K.L.:
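My questions all concern the structure below.
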Amino acid sequence: MGDPATLPEASEFRIEEALAPEGVVLLSIHGDADLHVAPELRERLTREIDGGPGGLVLDLSDATFVDSMALGVLLGAMKQVRTRGGRLRLVVPQTELRRIFEITLLDRVLSLDATREDALREIRRTD
Amino acid sequence: MSEPGHALEAGARREPPPFVHPVERELARLFDEHGIAWEYEPHTFVLERRPDGSVKEAFTPDFYLPDIDIYVECTVMRQRLTSRKRRKASKARTRGIAVEVLCRRDIERLATRWGLPQLAAAAACLPSGSPQVV
């Protein structure tokens, strides 16, 4: 993770699963999360949520862009998770991305953390 | 007002709609800048009807963000009007409509936090045709 004030270099979109405590799925989003990849993102999140983890953490530290389609997918995932009694937290360290969440007021609806550690700590706290 | 449900892609709009307040224009510009699709006042929700079926109270949020399925109501008016809008938004929420209210303080905070002087200046403007408060 680089300087949180700037976005990482643009790279191809991919989702990687990282090691997480039991009952939590931690996915790291890389590259541009936009309308082109929104279906892939939605499908992956739905699959993970259907798997029934208590907590889902999406780390956007390596995301280079998030458009409104991807934001819609994230919001949809949050609704799905809540319906199942689970929790979703997003790691959004870069100020540029955080600005998008704040301008769309999604920072009021979604739980954002500055670091992966914070997100994992918070998601376990609400167990 | 555009047609209900008519989704526009950000940046695809040819002519800006007649915004009531400069802060709405600034928000629309920010949405465009961040690739956020938006519609201006696309829907009106009936909150209450009279016994004869006529509309007693309705709510038309300023923006709809179709990809996110959230309505945004911004209000830089006097506190009394802000409270009325908040009450309407809260009534709309009980009907399952996702509405977030941006009041003057929220807008000023956004402008300060993200260095948006145009938004701050717009928040300080009175809407065209509104009475001056003496």
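No hydrogens, no waters, no symmetry mates; every other heavy atom, side chains included, goes into these values. Predicted, not measured: the structure shown is a model, and the values here were computed from it. Below, chain A is the first sequence line, B the second, and so on; all start at residue 1.
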K.L.:
Between atom CZ of B/Phe31 and atom OG of A/Ser68, what is the distance when rounded to the nearest 0.5 Å?
P.N.:
10.0 Å
K.L.:
Examine B/Leu65 and A/Leu90 and state if one hydrophobic cluster contains both, with Ile, Leu, Val, Met, Phe, Trp and Tyr joined whenever side-chain heavy atoms are less than 4.5 Å apart.
P.N.:
yes
K.L.:
Kindly give the heavy-atom pair with the smallest separation between B/Val101 and A/Arg108, and that separation in Å.
P.N.:
O-NH1, 2.8 Å
K.L.:
Side-chain heavy atoms under 4.5 angstrom apart, residues restricted to Ile, Leu, Val, Met, Phe, Trp, Tyr: same cluster for A/Val91 and A/Leu26?
P.N.:
yes
K.L.:
Is A/Arg99 close to chain B through its backbone or its side chain, or both, or neither, when contacts mean heavy atoms under 4.5 Å?
P.N.:
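It is both, since atoms from each part get that close.
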K.L.:
Among B/Leu30, B/Ile68, B/Val72, B/Asp67, exactly one meets side chain to side chain contact (heavy atoms under 4.5 Å, CB included) together with A/Thr104. Which residue is that?
P.N.:
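Running side chain to side chain contact (heavy atoms under 4.5 Å, CB included) over B/Leu30, B/Ile68, B/Val72, B/Asp67 with A/Thr104 returns exactly one hit, B/Ile68.
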K.L.:
Under the side-chain contact (heavy atoms from CB on, under 4.5 Å) rule, what do B/Ile70 and A/Leu106 come out as? Steps first, then yes or no, please.
P.N.:
CA-CA 9 Å; B/Ile70 274 186; A/Leu106 281 180; 3.5 Å; yes
K.L.:
Establish whether A/Ile15 and A/Leu110 are linked, either directly or via other cluster members, by ILVMFWY side-chain heavy-atom contacts under 4.5 Å.
P.N.:
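Yes, because A/Ile15 and A/Leu110 connect within a single hydrophobic cluster, where side-chain heavy atoms sit under 4.5 Å apart.
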K.L.:
Kindly check if the number of other-residue, nucleotide or ligand heavy atoms within 6.0 Å of CZ (B/Arg113) is above 12?
P.N.:
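Yes, because the 6.0 Å sphere around CZ of B/Arg113 holds more than 12 heavy atoms from other groups.
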K.L.:
Do B/Glu33 and A/Ile103 come within less than 4.5 Å of each other through their side chains, counting heavy atoms only?
P.N.:
no
K.L.:
Take A/Leu71 and B/Ile36 through the test side-chain contact (heavy atoms from CB on, under 4.5 Å) and record every step on the way to the result.
P.N.:
CA-CA 9 Å; A/Leu71 288 175; B/Ile36 307 298; 3.7 Å; yes
K.L.:
Would a hydrophobic clustering, with Ile, Leu, Val, Met, Phe, Trp and Tyr connected at side-chain separations under 4.5 Å, put B/Val23 with B/Val99?
P.N.:
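No, B/Val23 does not connect to B/Val99 through the hydrophobic network.
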K.L.:
Should B/Tyr71 and A/Met78 be counted in the same cluster of Ile, Leu, Val, Met, Phe, Trp and Tyr side chains packed under 4.5 Å apart?
P.N.:
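Hydrophobic grouping puts B/Tyr71 apart from A/Met78.
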K.L.:
Would you mind checking which part of B/Leu102 comes under 4.5 Å of any heavy atom in chain A, side chain (CB onward), backbone (N, CA, C, O), both or neither?
P.N.:
both
K.L.:
Mind checking the CG-CG spacing from B/Leu110 to A/Leu105? Nearest 0.5 Å is all I need.
P.N.:
7.0 Å
K.L.:
Could you report the tightest heavy-atom contact between B/Trp114 and A/Glu102, atom names first, then the distance?
P.N.:
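Between these two residues, the closest heavy atoms are NE1-OE1, 3.0 Å.
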